[in-house]
S.K.: 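This is the structure I want to talk about, given as structure tokens.
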Amino acid sequence: MDLYSTTPMLKIAKANKHGIVAFNVHSFDSIFWVLEAAAELKSPVILQTTVGTIQSLGAKNIVEVAQAAAQHYQVPTGLHLDHCTDFEIIKDAIRAGYTSVMIDASMHPFAENVARTQRVVELATSLGVNVEAELGKVGGVEDDIIVDEADAEKADPEECRQFVAATGVPTLAPAIGTAHGIYKGKPEIDFERIAEIAKMVDVPLVLHGGSAVPEEDVRRCVALGMAKVNVSTELKNIYSEAIREHFAHDPDSLDPRAYLQKAKEAAKEMVKTKIRIVGSENTVAPLFA
Ligand code: 13P
């Protein structure tokens, strides 16, 4: 099974009023267990990698493993490049077979963000590859992109309208109060702002910083039109914690299968929980209809 462009996946999800989770993966085996969990719930899913993961594993290798896993588990899968600031890396990822890319020019002034996004939209959409762009600034740490809490900035709804009209970007990630990483307190999500943005633009919206957002808040975001929900930190944490626990009890353990299996089981449960929250369980059929 080929990898799917996330443009139709997210449009269909939005029309059917559910979300699709995009899980950040950091290793080849995580590609397999994310898809294994998605297949068990008959849910479409998006795998995403940062630039750092491409540097560590290789874009072509990631694509080939994702294709093999999608074929094995027969699950509709998109492969997305998360938070990329570099046009050349985006081009390489598309050439390798990524079906979705994020151009993150949110650190630039509005006009520059428009220009950089336009350039990627022109290249990618003619090839059926989805594009995501960010407006406002999502706080926190994602790979080597670090935005201090004080510099985080929510997206302006009117600017969202202008941005989508000017760029033709098929998916938009507006900053609405979430942050990358685990929150110190409860995230203050600006639901009114999401509703206003959703009124102004017709494209599926993307929720960044999906880790540790209360379940009911994620559901509310999805109901308001945030069709892609990004989850990274929580998955890394639960996977690493299972390995730490294993070694706490068995410090001399030598068989990677023993501790990786425990980590996989814990992570798979987390994947399933997130899929259930966005409501994409048993939604594979409409995708192929
Ligand atoms: P979390 O690490 O907070 O889950 O955020 C993931 C994300 O938004 C990736 O772009």
Side-chain angles (χ1 to χ4, degrees), residues 6 10 19-27 30-31 34 37 45-54 62 78-86 89-90 93 98-107 117 130-149 151-155 169 171-190 194 204-215 217-219 221-222 226-241 266-267 269-275 277-278:
T6 62
L10 293 169
I20 295 184
V21 191
F23 294 101
N24 284 70
V25 289
H26 300 89
S27 64
S30 61
I31 292 175
V34 167
V45 74
I46 297 170
L47 301 167
Q48 59 187 19
T49 74
T50 58
V51 172
T53 303
I54 284 191
I62 294 168
L79 179 61
H80 175 76
L81 171 62
D82 199 20
H83 289 285
C84 189
T85 56
D86 185 316
I89 296 175
I90 287 176
Y98 274 62
T99 59
S100 180
V101 290
M102 177 177 187
I103 167 71
D104 185 355
S106 61
M107 63 295 288
T117 303
N130 188 59
V131 180
E132 179 180 321
E134 179 171 315
L135 264 191
K137 292 188 186 80
V138 176
V141 179
E142 188 61 53
D143 239 19
D144 54 359
I145 299 181
I146 301 163
V147 179
D148 280 350
E149 216 174 298
D151 295 331
E153 212 174 83
K154 289 181 189 165
V169 75
T171 41
L172 180 68
I176 46 79
T178 51
H180 295 122
I182 296 294
Y183 301 88
K184 291 188 196 96
K186 186 179 182 290
E188 294 297 330
I189 297 181
D190 191 339
I194 304 174
L205 302 175
V206 181
L207 180 69
H208 276 254
S211 286
V213 176
E215 203 173 312
D217 286 2
V218 174
R219 286 212 176 91
C221 287
V222 170
M226 304 205 89
K228 176 171 177 269
V229 175
N230 290 356
V231 174
S232 176
T233 305
E234 263 187 296
L235 206 54
K236 281 193 291 193
N237 280 357
I238 201 159
Y239 189 80
S240 307
E241 186 52 36
E269 276 317 302
M270 171 72 71
V271 168
K272 287 183 171 181
T273 300
K274 298 295 178 187
I275 284 175
I277 292 172
V278 303

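Indexing begins at 1, ligand by ligand and atom by atom, following the structure's order.
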S.K.: If only atom types and distance count, is the side chain of Asp143 paired as donor or acceptor with the main-chain N or O of Gly52 below 3.5 Å?
M.R.: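 Yes.
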S.K.: Mark yes or no for whether Ser211, through its side chain, and Gly181, through its backbone, hold a donor-acceptor pair below 3.5 Å.
M.R.: no
S.K.: Return the protein residues near ligand 1 (heavy atom under 4.0 Å from any of its atoms), ordered by chain and residue number.
M.R.: Asn24, Gln48, Asp82, His83, Glu142, Ala179, His180, Gly181, His208, Gly209, Gly210, Ser211, Asn230, Val231, Ser232, Thr233
S.K.: For Asp190, check salt bridge (Lys or Arg N to Asp or Glu O under 4.0 Å) against everything at least two apart and list the hits.
M.R.: Lys154, Arg193
S.K.: Residues in side-chain contact (heavy atoms from CB on, under 4.5 Å) with Ser100, at least two apart?
M.R.: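 Checked Ser100 against side-chain contact (heavy atoms from CB on, under 4.5 Å); matches are Thr6, His80, Asn130.
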S.K.: Report all side-chain donor-acceptor pairs from residues 173-180 shorter than 3.5 Å, counting only partners two or more places apart or in another chain.
M.R.:
unit_1: Thr178; atom_1: OG1; unit_2: His208; atom_2: O; d: 2.6
unit_1: His180; atom_1: NE2; unit_2: His83; atom_2: NE2; d: 3.2
unit_1: His180; atom_1: NE2; unit_2: His208; atom_2: ND1; d: 3.3

S.K.: CD of Glu241: more than 12 outside heavy atoms within 6.0 angstrom?
M.R.: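 Counting neighbours around CD of Glu241, more than 12 heavy atoms of other residues, nucleotides or ligands fall under 6.0 Å, so yes.
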